[in-house]
Protein chains: 2
Amino acid sequence: MQLNPHVSVDCVIFGFDGMNLKVLLIDRNMGLPPKLQKAPKSLKLPGSMVYDDEDIDTAAVRVLKELTGLENIYLQQFHVFGSPDRLKNKADLKWLQSTTKMKINRVVTIAYYSLIKLHKSLPCEGKVLWNDVLNLPNLAFDHKEIIQKGLDVLRRELHNEPIAFELLPKKFTIRQLHILYEIILDTNLDSRNFRKSINKWGYLVALNEKEKNVAHKPAQYFKFDKRIYHQKQQEYID
Amino acid sequence: MQLNPHVSVDCVIFGFDGMNLKVLLIDRNMGLPPKLQKAPKSLKLPGSMVYDDEDIDTAAVRVLKELTGLENIYLQQFHVFGSPDRLKNKADLKWLQSTTKMKINRVVTIAYYSLIKLHKSLPCEGKVLWNDVLNLPNLAFDHKEIIQKGLDVLRRELHNEPIAFELLPKKFTIRQLHILYEIILDTNLDSRNFRKSINKWGYLVALNEKEKNVAHKPAQYFKFDKRIYHQKQQEYID
DNA sequence: TCAAAAGTGTTTATCTTACACCCATGG
DNA sequence: CCATGGGTGTAAGATAAACACTTTTGA
């Protein structure tokens, strides 16, 4: 009886390309000499063992920082996956042991979800795969299940927290927001009613700027005003 | 660098005595010879290390079973507490090492909350302390913080899941339910409107039984009908 | 002038909230 | 007969849902 599994964090990093909700996957073959690469891709979520004396939240922040160069991005712990047979796939176990150089029997992983604004300029561009969340390939470990649960949580939280803006550029049109909501919630929303609810929120403010070079009436840009949001939250509590 | 903290589960077990929301605490002095007992009580949440080859949910179920004799009770993972300085209190660390007989530097704990029906006949009665959640004494480790977070989650989930009934006897009056809601949500609810919302739920059914020997108009007993509840959930999805 | 998306109001049904009195029972 | 909680209805305001047309732009 040894009673101490290893503990890791895994990050489900969501991104939105304007059309679809994406999740960031990394390929374990990447960086290996070509002859060692497996024929099929070997995809997984970004993650890491939690270091000694490192808080678990800090470990998740570190994973994101190392991968994307970004700090201060939205990150939430959402579930622990600790089934003893998470490592039942021999290839997964072998990879873990060879990359960590440790004898590992069991890993309990703490899953985080994260929301980032997609840019071509992210330092990870080209080194990672942004895969459609609705059409996932086979993944290592139980990572498919982790993504599914993360998506469920994202869907629920969308009603409670102003998180959609984490996935959009700083300035965005109502249409972009509308599409994002429809995709995350997998439903159709009436656009007049959608605009009405935005007005009721009160924390989206119109910028002095419109779309340019579009073959239709140009749309107003908006931004999310954190100050107004927090102010209204406070009023609600009182 | 060893990279493997120990992993435990801790259970925040809520109970309702008709007046207040309680949480189950155990005393680490219990069972020790009197001369070894610390002068102040040494209270903590029930918990356990996760055994090798044991799923974490299973570990939480085991803790509950061992303590209360009950199975099939409501249990939900809600947060991981993994700060490296959870064991900064020397007395806590010493206790851990002496009860587990292991050299332990760090414990990452997965917190569950659980809802049970209080009975005088629970096998743990007398061996544990049911403490008011709103007036907690000092507790070992970060257990006070864990309970606080558990209460927050309970409050939120009360709106989403039919969990109040897990805290009440199988048959209960509207008044009991009403008081429970007021206590969990820490607010006053209008009783006519409260009854109206119950009618709208549709899954509370009146039994052919009323209170007896009460010095007022006897109240109707109700039960929670799981079948109707699931049926309505299903209709909602379609 | 056409295609494409932007933007705008009204009506109806539903839900929420506030509010006051009589009833049944045991002591 | 009194104290205690049980149980009931209504009106006003807020919210949610359905629904169609005009505007601005680039091609």
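Residue numbering restarts at 1 for every chain, and letters A, B, ... go by the order of the sequence lines.
- Separating the CD atom of B/Gln176 from the P atom of D/dG5 is a distance of 13 Å, rounded to the nearest angstrom.
- Taking atom CD of A/Gln220 as the reference point, atom P of D/dT24 lies 14 Å away to the nearest angstrom.
- Side-chain contact between B/Leu167 and B/Leu180 is present, with heavy atoms from C-beta onward closer than 4.5 Å.
- Spacing between atom CD1 of A/Ile174 and atom C1' of D/dT24 amounts to 17 Å, rounded to whole angstrom units.
- No hydrogens or angles were tested; on distance alone, nothing pairs the side chain of B/Lys196 with the base of C/dT14 as donor and acceptor under 3.5 Å.
- In terms of position on DNA chain D, the residue among A/Asn193 and A/Lys212 whose nearest nucleotide sits closer to the 5' end is A/Asn193.
- Closest approach to the A/Lys217 side chain among C/dG26, D/dT24, C/dT8 is made by D/dT24 (side chain taken as heavy atoms from C-beta onward).
- Considering only heavy atoms from C-beta on, A/Phe222 stays 4.5 Å or farther from A/Lys171 through its side chain.
- Atom pair A/Asn199:CG and D/dT15:C1' shows a separation of 15 Å (rounding to whole Å applied).
- Residue whose closest nucleotide on DNA chain D sits further toward the 5' end, between B/Ala219 and A/Ser191: B/Ala219.
- Atom P of nucleotide D/dG6 and atom CZ of B/Phe222 are separated by 11 Å, given to the nearest angstrom.
- Going from atom CG of B/Leu189 over to atom C1' of D/dG5 covers 17 Å, rounded to whole Å.
- Taking only distance into account, the side chain of A/Arg192 meets the base of D/dA20 through a donor-acceptor pair shorter than 3.5 Å.
- Classification of the A/Phe224-A/Phe165 ring pair by plane angle, with boundaries at 30° and 60°, yields parallel.
- Residue whose closest nucleotide on DNA chain C sits further toward the 5' end, between B/Lys200 and B/Asp190: B/Lys200.
- Across the interface with DNA chain C, nearest-nucleotide mapping of A/Ala215 and B/His216 shows A/Ala215 to be the residue nearer the 5′ end.
- In this structure, A/Arg175 atom CZ and C/dG7 atom P are separated by 11 Å, rounded to whole Å.
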Please determine whether side-chain contact (heavy atoms from CB on, under 4.5 Å) holds for the pair B/Leu115 and B/Tyr113, giving the CA-CA distance in whole Å, both sets of side-chain angles, and the decisive distance to 0.1 Å. CA-CA 7 Å; B/Leu115 305 175; B/Tyr113 78 96; 4.2 Å; yes
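- Aromatic rings of B/Tyr181 and B/Phe194 (six-membered ring for Trp) have centroids within the 6.0 Å cut-off, being under it.
- Rounded to an integer number of Å, the gap from A/Glu211 CD to C/dA6 C1' is 9 Å.
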